[in-house]
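Counting starts at 1 for both ligands and their atoms, in listed order.
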Amino acid sequence: MIKIGIPRALLYYQYYPSWKTFFEELGAELVLSPPTTQATLSSGSARVVAETCLPVKVFLGHVLSLVEECDYVFIPAIRSVKRKVYNCSKFLGLPDMTKAVIPESPPILDIDIDINTGKRELYQAIYKLGRRFTWNPFKVRRASIAAWQAHLKYRHLMSSHKLTAPQALERISGSTGVESKINPSHPTSAQATIALIGHPYLLYDEHVNHRLIHRLEQAHNRVLTPEMLTTEELESAIARLVGKAYWTYEEEVVGAGEHYLKSGVNGIIGIMTFGCGPDSLMMDMVQRQAARLRVPAFMSLTLEEHTAEAGIVTRLEAFLDMIHRKKRRQVKACA
Ligand code: SF4
């Protein structure tokens, strides 16, 4: 059976269920790289210049951990999944960059996804990918329909059941214990509701963000993330704040930021990374909107390779303290 390596980084958090379904329908076996560690980050970082953004360094570290573990590594080049809305240029060059900086990488299975070129080109690109496993176009079609359904189910799980991406992935794979971490049906039992905004690969990689979600939940806060909103909610929030989206990830930052600013959460934390131009622009937009709406509990955290855990913990504690004090004052005022 052909083994396909999937780096547990970047688009993994958005598309893993659909990729898994597609390749397994075609008879392949998937090998997922282990969760990020300091060694993963250091090995990826050693292959590129220092200015490269943190998530790309992490991604390359994951590819390195798959060397000799699989026959191919799957690295799609996703330019656009919505008409005239584009991905960051790093995603487009990912297969070529990986080939250049990790020559020992297993052969790369890539596919160019650009919805702007039309449906026909998209189908041809999918068929070209599937042809590595079968010559039967109907089998490839069946696999791609099943993959799309898996993607919709995953999105639905997160937005309807208010699950984070790792919780939804656990739910899909049949693990238990998911609901014990967050109980969205009893939000009032939480100390405070905190919304996180940012890319899934920053919010859910526990090594990169120093277990931010876990820390918030341990302090009895309810955590909300962009994936818990529907596409319609995100799109209408973007339309309110900036009009038409140009970048794919505007949903995760601008859309989620605008939505949560107006939804009565107790605090918002914007997560971005050093070396990301788009993030600094978008986060600034949300921060200005927070100031306009007089929402004081907004904090932005910039993560980088050498971010110290103690620094994150101190800022988080101060932020939560401020929120809890404000809540207590409100309760007293009402009494
Ligand atoms: S959006 Fe920013 S953090 Fe993400 S890959 Fe592009 S440059 Fe890196």
Item checked: Which of the ligand 1 atoms, numbered from 1, are nearer than 4.0 Å to a heavy atom of Cys53 -> 3 (S), 5 (S), 7 (S), 8 (Fe)
Margin query: Could you tell me, atom by atom, which parts of ligand 1 come under 4.0 Å of a heavy atom of Cys88?
Written below: 1 (S), 5 (S), 6 (Fe), 7 (S)
Check: Going by the atom numbers of ligand 1, which of them fall below 4.0 Å from some non-hydrogen atom of Thr273?
Finding: 3 (S)
Margin query: A quick test of your reading: do over 12 heavy atoms of other residues, nucleotides or ligands sit less than 6.0 Å from CZ of Arg132?
Written below: yes
Note to self: Between Phe23 and Phe133, does the ring-ring contact (aromatic ring centres under 6.0 Å, His included) criterion hold? Intermediate values first, please.
What the structure shows: CA-CA 9 Å; Phe23 289 120; Phe133 305 89; 5.7 Å; yes
Checklist line | Heavy atom of the protein closest to atom 7 (S) of ligand 1 (residue, atom name, distance) | finding: Lys90 NZ, 3.5 Å
Item checked: Within 6.0 Å of CZ in Phe319, more than 12 heavy atoms from elsewhere -> yes
Note to self: Under 4.0 Å from a heavy atom of Tyr201: which atoms of ligand 1 are those, numbered in the order shown and with their elements?
What the structure shows: 1 (S), 3 (S), 4 (Fe), 5 (S)
Notebook entry, point to check: So is Pro278 close enough to ligand 1, meaning a heavy atom under 4.0 angstrom away?
Noted result: no
Next item on the list: For His62 and Thr36, test the side chains for any donor-to-acceptor distance below 3.5 angstrom and give the result as yes or no.
Entry: yes
Notebook entry, point to check: Which protein non-hydrogen atom lies closest to atom 2 (Fe) of ligand 1, naming both residue and atom, and how far is it?
Noted result: Cys276 SG, 2.3 Å
Margin query: Counting neighbours of NZ on Lys84 that are heavy atoms of other residues, nucleotides or ligands and sit closer than 6.0 Å, is the number greater than 12?
Written below: no
Item checked: Arg292-Gln289 side chain donor-acceptor pair, cut-off 3.5 Å -> yes
